[in-house]
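Working notes, beginning with the structure itself.
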Amino acid sequence: SGSALCFTSYANGNPDAYVADLLKAQVRRISSRTGINTGCTWAPSGDRVALTLSPSGDADIFTIDPIAGTQIARLTTSPGIDVSPTFSPDGTRVAFVSERGGGPQIYIMNADGSGAKRVTFSGSHNTDPSWSPKGDKIAFVGRDGGFDVFTVNIDGTGMTRVTQGTGDNEDPSWSPEGDFLVFSSTRSGSSHIWLANADGTHQVQLTEGGGGYTNPHWSTHLSW
C-alpha cells in the first residue's frame, strides 16, 4: 500500500530492523537479533518481510513477521554471504546476492528458499538486485572499473547496460510501470539521484545541492 517503510538503523548500537508507519507517524523495531538485521524488503502481500540475519555469524536470508518480528522461515543456508533479497511482483520468488559461487552474483529462488538458480554470469561482482514490476527483468549493479547499472532477463539472457563511464552508479529502483529506473550516481562529483529510461536513454539528474543522495526507492501507486 505504500503506507510503511522497513529500514535498518544503528539507533540502539546494533544494525536492527525497523518499520515506520507513515500514516501514524510511528516507528517500531521488528528485529534486534545478534549480528546484522539488514536489507529488509516487503512481500507484495504485506504479511512478511525478507531480510539478512547473521545469528551464527554467516549472513543468510530469512523472512519475519513485520508486526511481531517473529521468524517465519530461513530461506538460505549456503556458505558465504546471502544478502539483498527482493521479491518478484507476484511474491512467488526472491532475487538475492550470494557468494556461493565464489564472488557476489545475482540468484533467484522460490519464496520458500527452494530452487535457487544463478542469473548473472558476466562480471565478477554483481549486487543490489531490483525486480521489475513486470516480473521479466532484474536491475542490478555490476563492477566494471567503477560501478554501473545493468538489467538482465530473469533467465539470465538479454543483459543490457544502463550506465557506462559516468562515475559510480548504484541503488537501482524501478518505476511502478517498469519504464524507468532511478539510481544514485557520482557522475557530477558527489552522489545524486538520477532518472533513466529502462534501456539507459535520456538520463536526468533529479536532486540538487551538495549531494550525498543515495538509495532511492520508488513508491508504489499510493492509495492514501
Side-chain angles (χ1 to χ4, degrees), residues 4-20 28-121 123-132 135 138-143 147 152 154-156 170-173 214-215 217:
L5 291 171
C6 186
F7 63 95
T8 296
S9 174
Y10 283 82
N12 286 283
N14 189 64
D16 296 335
Y18 295 77
V19 166
R28 65 182 184 276
R29 185 167 58 178
I30 62 168
S31 182
S32 57
R33 294 163 171 85
T34 299
I36 61 173
N37 304 259
T38 61
C40 51
T41 183
W42 293 93
S45 59
D47 63 347
R48 64 196 188 281
V49 295
L51 77 168
T52 295
L53 305 174
S54 57
S56 59
D58 189 31
D60 280 299
I61 296 172
F62 295 73
T63 53
I64 65 173
D65 185 292
I67 303 299
T70 52
Q71 180 178 319
I72 297 173
R74 180 173 183 164
L75 304 187
T76 65
T77 57
S78 69
I81 66 163
D82 293 303
V83 297
S84 303
T86 175
F87 280 96
S88 62
D90 63 4
T92 63
R93 289 173 290 182
V94 176
F96 64 103
V97 176
S98 179
E99 285 187 335
R100 64 188 63 188
Q105 298 290 343
I106 311 300
Y107 290 74
I108 292 175
M109 61 182 166
N110 295 324
D112 62 1
S114 64
K117 297 180 180 179
R118 183 171 166 177
V119 176
T120 54
F121 296 91
S124 60
H125 189 101
N126 297 310
T127 63
D128 218 3
S130 177
W131 210 305
S132 73
I138 292 173
F140 66 96
V141 175
R143 186 171 64 190
F147 292 97
V152 67
I154 60 172
D155 63 0
E170 302 175 89
D171 314 319
S173 178
T214 62
N215 291 286
H217 190 84

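Owing to the predicted nature of the structure, the values given are computational and were not obtained by experimental measurement.
Residues passing the side chain to side chain contact (heavy atoms under 4.5 Å, CB included) test with T52 are I36, T38, A59, I61, V83, P85, sequence neighbours excluded. By the ring-ring contact (aromatic ring centres under 6.0 Å, His included) test, F7 is found to be paired with Y18, residues two or more places apart in sequence or in another chain being considered. Listed by chain and residue number, S173 satisfy the side chain to side chain contact (heavy atoms under 4.5 Å, CB included) test with H217 (two or more places apart in sequence, or in another chain). Shown here are the side chain to side chain contact (heavy atoms under 4.5 Å, CB included) partners of R74, two or more places apart in sequence or in another chain: D60, F62, Q71, T77. For the salt bridge (Lys or Arg N to Asp or Glu O under 4.0 Å) test, residues two or more places apart in sequence or in another chain that qualify with D16 are R29. Residues passing the side-chain hydrogen bond (donor to acceptor under 3.5 Å, both in side chains) test with T8, sequence neighbours excluded: none. Applying the ring-ring contact (aromatic ring centres under 6.0 Å, His included) test to F96 and every residue at least two apart in sequence or in another chain returns Y107. Judged as a side chain to side chain contact (heavy atoms under 4.5 Å, CB included), and not counting sequence neighbours, the contacts of C6 are V19, I30, C40, W42. Taking the side-chain hydrogen bond (donor to acceptor under 3.5 Å, both in side chains) definition, one finds that N110 meets it with S114, sequence neighbours left out.
The shortest side-chain heavy-atom distance between N37 and L51 falls under the 4.5 Å cut-off. The side-chain heavy atoms of H125 and T127, taken from C-beta on, include a pair separated by under 4.5 Å. Looking only at side-chain heavy atoms (C-beta outward), T76 and M109 come within less than 4.5 Å of each other. Looking at V94 and I108, their side chains never come closer than 4.5 Å, going by heavy atoms from C-beta outward. When side chains are defined from C-beta on, T34 does not count as touching P55, because their heavy atoms never get closer than 4.5 Å.
Shown here for G35 and S54, the closest heavy-atom pair between the two residues is CA-OG, 3.4 Å. Counting all heavy atoms, side chain and backbone alike, P44 lies closest to P89 at CG-O, 3.3 Å. Closest approach of F87 and T41 over heavy atoms only: CE1-O, 3.8 Å. Scanning both residues, P66 and G46, for their nearest heavy atoms gives CG-O, 3.7 Å. Nearest heavy-atom pair, P172 versus S130, reported as atom, atom and distance to 0.1 Å: O-CB, 3.4 Å.
Considering CD1 of I81 and OG of S84, their distance stands at 7.5 Å, rounded to 0.5 Å. Here the CD1 atom belonging to I154 is positioned 5.5 Å from the CH2 atom belonging to W131, to the nearest 0.5 angstrom. Note that CG of N126 is 4.0 Å distant from OG1 of T120, once rounded to the nearest 0.5 Å. Atom CZ in F140 sits 11.0 Å away from atom CG in D128 (nearest 0.5 Å). Here the OG-CD distance, from S98 to Q105, works out to 9.5 Å after rounding to the nearest 0.5 Å.
D65 contributes a side-chain N or O that, together with a main-chain N or O of I67, makes up a donor-acceptor pair within less than 3.5 Å.
Pairs engaging residues 104-116 under the salt bridge (charged side-chain N to carboxylate O under 4.0 Å, His left out) rule: none recorded [sequence neighbours left out]. Legend: salt bridge (charged side-chain N to carboxylate O under 4.0 Å, His left out) pairs involving residues 33-58, not counting sequence neighbours: none detected. Identified under the salt bridge (charged side-chain N to carboxylate O under 4.0 Å, His left out) test for residues 79-100, with sequence neighbours left out: D82-R100.
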